[in-house]
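Notes to accompany the following structure.
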Amino acid sequence: MGSIRHFVVIISGKRKSGKDYISSKLLACLGPNKCAILPLSGPLKKQYAKDHNLDFDRLLDATEYKEHYRQDMIQWGEEKRNQDPGYFCRLATEGEGSEKDIWIISDARRLSDVVYFRDKYKEDVITIRVEADLSVRQQRGFVFTEGIDDAESECGLDSGCNWDIVIYNNNNQEKLEDSISKILKRIPSTS
């Protein structure tokens with residue numbers, strides 16, 4: 001039995017820019033039979049919950065529970081990444097959905113995340129940056145939090161990465177659909 005050749009769509013952006021929304025739109029277009037969303041934060045949160053005896057499911061939602069642990073979880077994740085930069089990337093691609101042909105990495109946050117996938121999957125990678133005006137992010141519930149929004153987990157990809165496609169997600173549905181079409185044209189077997 002041969003190994004599956006994966007195509008990787010890496011999505012990055014600030015909190016409340018719409019990374020999950022874009023990921024869901026792509027999954028809907030590509031279909032769950034051939035595509036899976038593989039967030040890097042999932043394995044991080046799962047291991048953090050296990051190591052700290054916390055409720056993993058509650059760390060996945062957008063509640064105060066997650067926000068209460070966010071800063072400590074970021075620091076813990078940084079320590080793991082300093083030991084092994086590809087640790088969470090490997091965990092994400094070994095779990096549920098790893099058998100799919102197309103992987104959507106819905107929450108790349110550091111250059112080491114992008115480098116890991118580019119090194120391993122070469123030309124089978126497309127990088128997407130989701131941008132949204134601060135006022136739009138605030139309408140979606142964004143509130144600047146010192147120690148989080150000025151940390152590497154939010155700012156690590158603000159520069160130093162040449163994005164294949166930049167999406168401006170400022171509530172303009174027509175522009176958003178055009179951007180989704182551009183992404184789909186870059187993915188083998190969907191253009």
Any chance you could measure [X], atom [atom1], to [Y], atom [atom2], to the nearest 0.5 Å?
{"X": "L59", "Y": "E67", "atom1": "CG", "atom2": "CD", "value": "10.5 Å"}
{"X": "I165", "Y": "R186", "atom1": "CD1", "atom2": "CZ", "value": "5.5 Å"}
{"X": "K19", "Y": "R109", "atom1": "NZ", "atom2": "CZ", "value": "4.5 Å"}
{"X": "D107", "Y": "L38", "atom1": "CG", "atom2": "CG", "value": "10.0 Å"}
{"X": "N169", "Y": "R137", "atom1": "CG", "atom2": "CZ", "value": "11.5 Å"}
{"X": "L111", "Y": "E152", "atom1": "CG", "atom2": "CD", "value": "9.0 Å"}

Heavy-atom count around [X] [atom1] within 6.0 Å, excluding the residue itself: above 12?
{"X": "E79", "atom1": "CD", "answer": "yes"}
{"X": "K120", "atom1": "NZ", "answer": "no"}
{"X": "E123", "atom1": "CD", "answer": "yes"}
{"X": "E146", "atom1": "CD", "answer": "no"}
{"X": "D119", "atom1": "CG", "answer": "yes"}

### Task
Look at the side-chain heavy atoms of Ile, Leu, Val, Met, Phe, Trp and Tyr, link any pair under 4.5 Å apart, and say whether L27 and I187 land in one connected group.
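Yes.
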#### Entry: Cluster link Y48 to Y87, ILVMFWY, side chain under 4.5 Å
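Yes.
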### Query
Just by modelled atom types, is the T127 backbone N or O under 3.5 Å from a matching donor or acceptor in the D164 side chain?
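Yes; at least one donor-acceptor contact below 3.5 Å.
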### Message
Main chain of S135, side chain of D133: is a donor-acceptor contact present, judged purely on distance under 3.5 Å?
### Response
no
Might you point out which heavy atoms bring [X] and [Y] nearest each other, and give the distance in Å?
{"X": "W76", "Y": "D51", "result": "CZ2-OD2, 3.3 Å"}
{"X": "R129", "Y": "G13", "result": "NH1-N, 3.7 Å"}
{"X": "I104", "Y": "C35", "result": "CD1-SG, 3.5 Å"}

### Task
Apply side-chain hydrogen bond (donor to acceptor under 3.5 Å, both in side chains) to D124 and list each qualifying residue two or more places apart in sequence or on a separate chain.
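With neighbours one apart ignored, the set is R5.
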### Query
For the residue pair Y121 and W103, is the inter-centroid distance of their aromatic rings smaller than 6.0 Å?
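Yes: the rings meet the under 6.0 Å criterion.
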### Query
Residues in salt bridge (charged side-chain N to carboxylate O under 4.0 Å, His left out) with D149, at least two apart?
R15
### Task
Show the numbers, then the answer: is there a side chain to side chain contact (heavy atoms under 4.5 Å, CB included) between L176 and Y168?
CA-CA 7 Å; L176 184 61; Y168 296 96; over 6 Å; no
